[in-house]
There are 2 protein chains.
Amino acid sequence: MLSNRQNEILKLIIEEYSKVPVPVGSKSICDKLNISSATVRAEMAKLEDIGYLEKTHVSSGRVPSENGYKYYVNNLMKPKEMTGEDMLNLQTIFQNKSLVLSDAIEKSLEIISEITNYTAINLENNESRLKKVEVVPLSVDNLLAIVITDNGHVENKKIDLKNSDLEEIRKTVELINKLIVGTPINEVSEKLEYEIKPIIGQYIQNHEMIYNAFYNAFSDLKNKDDMTMKGKNKILELEEFSNNADKIKKIINKFDDENIVSSIKEEDGGINVYIGTENNIDEDLTVIKTKYNAKGEEGTLAIIGPKRMDYDRVVSLLDYLKSCIERE
Amino acid sequence: MLSNRQNEILKLIIEEYSKVPVPVGSKSICDKLNISSATVRAEMAKLEDIGYLEKTHVSSGRVPSENGYKYYVNNLMKPKEMTGEDMLNLQTIFQNKSLVLSDAIEKSLEIISEITNYTAINLENNESRLKKVEVVPLSVDNLLAIVITDNGHVENKKIDLKNSDLEEIRKTVELINKLIVGTPINEVSEKLEYEIKPIIGQYIQNHEMIYNAFYNAFSDLKNKDDMTMKGKNKILELEEFSNNADKIKKIINKFDDENIVSSIKEEDGGINVYIGTENNIDEDLTVIKTKYNAKGEEGTLAIIGPKRMDYDRVVSLLDYLKSCIERE
DNA sequence: TTTAGCAATGTCAATAGTTGAGTGCTAATT
DNA sequence: AATTAGCACTCAACTATTGACATTGCTAAA
């Protein structure tokens, strides 16, 4: 159990370090607390023993450790009051009734990324079902196969059509629509293989091509995560990476991974914070994420920033955005 | 006019430098030509006077200048024989009749990026026309507006539908299909504004929303360049950037620009080489691009690599790919 | 319990010395 | 006239070395 003064010192160090990423010395703290630097040093030594602070070398100031941040997030941090302006900006978006939920979220994340200078992500994890399938002839020998899901995602595949009969294709499409509309997207390929294929094989000669086209369109749909990322490059401007080309390259590669958010440990109902090594992106980064559920539309919001991020501010922003979404 | 020996020395320097980006000294050249280093130095001094070579400091070896590369590309370089394996790989893709042209190109560029370690791009610049417009009801108050072009691109917008009459919407869609299908995509918004809007305004009450949805879908379509990029991050691994975080950030930002290829000077019919400052991406990079036209499907292929790239190899690859495409 | 004071430690930036690769020039050689 | 050996010179890159500075831990006094 930490004393009041220890809590206070830890909090000051974390907040100071979040402004300027340079080890914090005892002097800058004692100025604020009206105690001598020696006393502060003694307390810092204890905080280091417990494991909440670290030194970069014997005579350096202190830097918060991962556990220090954890303790701060769980015990010391108070969610920051949001500014009226930020609240207003987000509210306005959600009051615009012509915006669909996913578009509103996207716009909000853009704003959040802009005001925090961190990266903001929305990952929709809806169980979507097949809504409709159709074909549009484009030219003599090109055809477009279109697949639509009930949450509004569209995938398409162009097909080369030489020697195929348009009428046969129409029949196939009709069949697919009749038999597998309503099926959850990730069961569609299977159903296509075992239920549709045998049937079309029977009375449609040249069905291979059209069958494959739809098969491919379906697997594209299944594999495509519905993730939007705002301010992707913001993170590269952080001081911690300013002179570290290798780290920048590493992070860029991580950011290209579609599973960047979903591969982090599962979140519970609240706002979840994954500090440093707790996320598998980078030890100098923190990911804050939370789930939302608005009348069946489910997803995950995430913000990626430096380990020394403005925890209180980000948590409030995310919390507020979540409430906007769920109030919809 | 350069002497044979000067040509030979310039060529050796460029090819040596392309392997290892370190200034080339006279010694490494004289070993290969059986003349003394003093003679090589004298020739190098002349090549520097002409402006084909540069020094990084008074006593450094020589580095090819931009003009040096230009001279090399125009006069010294012979397109390299392609390896049978590379040719076979590309041919196989184009013989696969079930692949649509754009997919075949995409696969080829993936291969080319893989074997060269450079970034490969396909930019389709078709004049596309509106093929079809339709709406799919998703739920009680959500509707999906879909727009399809004759070259097979699909854009969609979800619409919030409270208080709208489905029947009215159907009429609007019918009208759009009747009146503006066939219009070139970048004229569609205009036509929608001046020809359709007045008409639907007359006999459809609540048309604002549906009109806006389509208007937005159309502008998305217009603004979205059909560009695919393979090996985007390959370029970051180049030695010239290995310790230069700022340059990496700059290039990443450039690569996010949709106009990266089209903003470079217009290409003529052949293979065009834009060295260093001739492209507006980075002085250390070269862009090689060429147009293709296969039965009306037009586009531009581009490869982005270091200024010291394997010019002969890339030119042959691009030329071969172009011929594969146009033979289709 | 707190604090003043001090030795100890490590970073950072500046300075100086060393090495090595490479050049240009010149005079001798072919 | 062209080539080359030889030499003085230059500069980048590396390796100490130094002093200024920030900061610590410890101790003894308050």
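Reckoned from all heavy atoms, side chains included, excluding hydrogens, waters and symmetry mates. Sequence lines set the chain letters: A, B, ... in the order given, protein chains first and strands last, and positions in each chain run from 1.
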Between E16(B) and S28(B), do the side chains contain a donor N or O and an acceptor N or O under 3.5 Å apart?
no
Taking the six-membered ring of Y72(A), is NZ or CZ of K11(A) closer than 6.0 Å to its centre and within 45° of its axis?
no
How about Y69(A) and Y311(A): are their ring centres within less than 6.0 Å of each other?
yes
Under-4.0 Å salt bridge between D284(A) and K247(A):
yes
Among the nucleotides dC11(D), dG25(D), dG6(D), whichever has the atom closest to the side chain of R41(B) is dG6(D)
Under 4.0 Å between a side-chain nitrogen and a carboxylate oxygen: does that hold for K307(B) and E283(B)?
no
Side-chain N or O of T39(B) versus OP1/OP2 of dT4(D): is the shortest distance under 4.0 Å?
yes
Looking at DNA chain D, which of residues 19-35 of chain B put a heavy atom within less than 4.0 Å of it?
I35(B)
Testing dT24(D), dG25(D), dT3(D) for proximity to the side chain of R5(B), the answer is dT3(D)
Regarding E54(B) and R62(B), does a basic nitrogen lie under 4.0 Å from an acidic carboxylate oxygen?
no
Let me know the distance between CG of L47(A) and C1' of dG25(D), rounded to the nearest Å.
16 Å
Any heavy-atom pair between the side chains of I251(A) and I235(A) that's under 4.5 Å?
yes
What I want to check is whether an N or O donor and acceptor connect the side chain of S59(A) with the base of dT24(D) at under 3.5 Å.
no
I want to verify a distance call: between dG25(D), dA5(D), dA12(D), whose nearest atom is closest to the A38(B) side chain?
dA5(D)
Hey, is D282(A) close enough to K254(A) for a salt bridge, meaning N to O under 4.0 Å?
no
Judged by nearest nucleotide, the residue sitting upstream toward the 5' end of DNA chain D, T56(B) or S36(B), is S36(B)
Euclidean distance, atom CD of residue E48(A) to atom P of dG25(D) [Å, nearest integer]
7 Å
Closest-nucleotide 5' rank along DNA chain D - winner of A42(A) and S37(B):
S37(B)
Report which part of the nucleic acid S60(A) touches: base, sugar-phosphate, or nothing (heavy-atom distance under 4.0 Å, all strands).
sugar-phosphate
Ion pair present between K230(A) and E114(A), side-chain N to carboxylate O less than 4.0 angstrom?
no
Taking heavy atoms of chain A and a 4.0 Å limit, find me the 5'-most and 3'-most nucleotide of DNA chain C within that range.
dT2(C) to dT11(C)
I need the CE-P distance between M44(A) and dA22(D), as an integer number of Å.
16 Å
Separation of dA12(D) C1' from H57(B) NE2 (nearest whole Å):
5 Å
